[in-house]
Undergrad: 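My questions will all concern the structure given below.
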Amino acid sequence: MEVCENRIALLGIIVKSGNAVERVNATLHDFSEYVSGRMGLPMRGRNVCAISLVLDAPVNVVNALTGKLGAIEGVSAKAMFEKN
């Protein structure tokens with residue numbers, strides 16, 4: 001069985017729809033064991049929220065989280081990984 005090594009990743013999330021906030025938070029809760037830090041910045045004048053996460057997780061987990069978030073209408077998500 002292949003062992004997946006954890007990597008440090010930064011995940012940037014832009015939430016453009018207030019209707020998506022509950023689904024975003026529920027999704028992040030599902031992956032909370034991998035979250036080392038989270039910062040959210042509501043940009044009220046633009047009706048957007050920017051969230052940054054620091055993750056310590058296998059690449060496939062980070063990719064799964066990014067995909068689930070990106071599938072939510074009104075949400076964009078991109079991940080960046082530490083160099084190996």
Side-chain angles (χ1 to χ4, degrees):
M1 180 160 67
E2 182 180 328
V3 175
C4 295
E5 251 185 65
N6 280 13
R7 304 264 308 270
I8 302 299
L10 297 176
L11 180 57
I13 307 160
I14 302 292
V15 182
K16 300 179 201 172
S17 170
N19 296 331
V21 171
E22 189 174 323
R23 286 187 62 199
V24 168
N25 284 326
T27 303
L28 294 178
H29 177 75
D30 291 344
F31 288 81
S32 62
E33 68 185 277
Y34 301 105
V35 177
S36 296
R38 174 181 174 171
M39 179 178 63
L41 297 171
M43 302 177 76
R44 290 180 186 90
R46 297 183 66 145
N47 292 323
V48 170
C49 182
I51 303 169
S52 61
L53 296 179
V54 176
L55 303 166
D56 186 358
V59 171
N60 62 331
V61 171
V62 175
N63 290 336
L65 174 56
T66 304
K68 286 178 185 273
L69 290 169
I72 300 170
E73 187 174 337
V75 177
S76 299
K78 298 284 182 183
M80 178 175 64
F81 293 91
E82 69 173 314
K83 288 185 179 182
N84 257 354

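No hydrogens, no waters, no symmetry mates; every other heavy atom, side chains included, goes into these values.
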Undergrad: For the residue pair G70 and A77, what are the closest heavy atoms and their distance?
TA: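 Scanning both residues completely, I find the closest heavy atoms to be N-CB, 4.4 Å.
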
Undergrad: Any donor and acceptor pair, going by atom type alone, linking the side chain of E82 with main-chain N or O of R7 inside 3.5 Å?
TA: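 No.
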
Undergrad: Under 4.5 Å between side-chain heavy atoms, chaining through other members, with only Ile, Leu, Val, Met, Phe, Trp and Tyr counted: pull out the rest of the cluster around L69, sorted by chain and number.
TA: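 So far as hydrophobic clustering goes, L69 is joined with L11, I13, V15, V21, V24, L28, F31, Y34, V35, I51, L53, L55, V59, V61, V62, L65, I72, V75, F81.
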
Undergrad: With rounding to the nearest 0.5 angstrom, report the NZ to SG distance, K16 to C49.
TA: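 Answer rounded to 0.5 Å: 13.0 Å.
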
Undergrad: Which ILVMFWY residues are connected to I14, directly or by a chain of links, through side-chain heavy atoms under 4.5 Å apart?
TA: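 Members other than I14 - counting any ILVMFWY side chain reachable under 4.5 Å - are V48.
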
Undergrad: Looking at OG1 of T27 and CD of E22, how far apart are the two atoms once the value is rounded to the nearest 0.5 Å?
TA: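 Taking OG1 in T27 and CD in E22, the distance rounds to 10.5 Å.
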
Undergrad: Can you list every side-chain hydrogen bond (donor to acceptor under 3.5 Å, both in side chains) pair that touches residues 38-50, not counting sequence neighbours?
TA: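 Residue pairs with at least one partner in residues 38-50: N25-R38.
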
